[in-house]
Amino acid sequence: MLSALRGFVFDLDGCVWTGNVLSPGARDVLARFDRAGRRLAFITNNSRETGARIRARLARLGVTAGVAFLTPLEIIGEAIRERYGASRVLVLGSTELADVIRAAKHEIVGVGEYGRATVVVVGNDFDLTYERLTAAVRAAARGAALVTPNLDPRLPIEGGEFFPGCGAIVTAVQVASGTTPVVIGKPESPLFTIALRRLALEPHDVAMVGDSVPSDIEGGRRVGMRTVLYAPHGADDKGPADTVVRSFAELAELAGV
Ligand SMILES: [Mg+2]
């Protein structure tokens with residue numbers, strides 16, 4: 001099945017790398033895929049880094065193949081445009097988040113003018129205040145669409161500690177406004193469909209390879225891609241994955257590269 005596919009989309013954390021360390025065999029196998037003419041893309045739920053930074057990190061680790069490097073931050077402006085057209089956006093989140101939305105030709109609306117917002121974007125906001133939360137909640141309650149990179153409850157940091165994640169703030173806005181967020185990251189479709197478009201391939205010609213059943217396997221299936229669960233320690237539950245591999249070497253063998 002995998003040997004006939006023309007494209008492969010890889011998850012990053014827990015699949016291609018963990019932290020800044022590539023999985024065993026990943027660099028060599030990805031280069032072999034590339035030499036064999038398979039088109040490659042990388043997608044991650046990381047909402048703090050742009051695709052360009054992900055691409056640079058991969059290059060530093062010796063991975064130079066790939067036509068698309070997508071994070072929610074990378075596509076959120078495009079996804080808002082696809083759903084709602086050019087929008088007036090109230091942003092709860094980092095300046096990087098506001099920058100990418102502005103770069104996608106949306107108008108950024110200030111906290112004091114929340115009534116003009118047609119979309120509220122909530123990312124992880126290290127400068128969160130009650131005033132900012134109030135503006136976001138009121139805008140959403142008035143009918144602005146609520147959009148978020150992901151619903152992760154925690155942002156893990158060094159030493160086993162964590163910050164509250166994007167999902168914690170989104171939930172506050174959701175509860176107080178009585179609205180439901182649109183999620184840009186996996187398992188929702190935008191990262192997958194934009195990756196497919198950049199690959200210029202149909203879903204049935206492409207496999208999604210990742211270590212998470214709920215985000216990679218479910219998300220890939222939803223758009224019609226073949227799915228490969230990367231489970232280096234074996235899979236307790238392969239879910240609906242078409243194939244399970246324990247290593248990049250096994251993946252290469254099945255794909256015939
Ligand atoms: Mg992963």
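It should be emphasised that the depicted structure is a prediction, and the values quoted were computed from it without experimental measurement. Counting starts at 1 for both ligands and their atoms, following the listed order.
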Report the protein N/O/S neighbours of the Mg ion (ligand 1) that fall below 2.8 Å; do not count waters.
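Checking every protein N, O and S atom gives Asp11 OD2, Asp13 O, Asp211 OD1.
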Between side-chain atoms of residues 222-231 and protein atoms elsewhere (two or more places apart, or another chain), which donor-acceptor pairs fall under 3.5 Å?
{"unit_1": "Arg222", "atom_1": "NH1", "unit_2": "Glu188", "atom_2": "OE1", "d": "3.4"}
{"unit_1": "Thr227", "atom_1": "OG1", "unit_2": "Asp242", "atom_2": "N", "d": "3.1"}
{"unit_1": "Thr227", "atom_1": "OG1", "unit_2": "Asp242", "atom_2": "OD2", "d": "3.4"}

Salt-bridge present (Glu107, Arg116; N to O < 4.0 Å)
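Salt bridge present between Glu107 and Arg116.
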Would you say Arg197 has more than 12 foreign heavy atoms packed within less than 6.0 Å of its CZ?
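Yes, because the 6.0 Å sphere around CZ of Arg197 holds more than 12 heavy atoms from other groups.
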Determine whether more than 12 heavy atoms belonging to other residues, nucleotides or ligands lie under 6.0 Å from atom CZ of Arg38.
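Yes.
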Please list, chain by chain and in numerical order, all residues satisfying salt bridge (charged side-chain N to carboxylate O under 4.0 Å, His left out) with Glu202, sequence neighbours excluded.
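Glu202 satisfies salt bridge (charged side-chain N to carboxylate O under 4.0 Å, His left out) with no other residue.
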What residues form a salt bridge (charged side-chain N to carboxylate O under 4.0 Å, His left out) with Asp13, not counting sequence neighbours?
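For Asp13, no residue satisfies salt bridge (charged side-chain N to carboxylate O under 4.0 Å, His left out) once neighbours in sequence are set aside.
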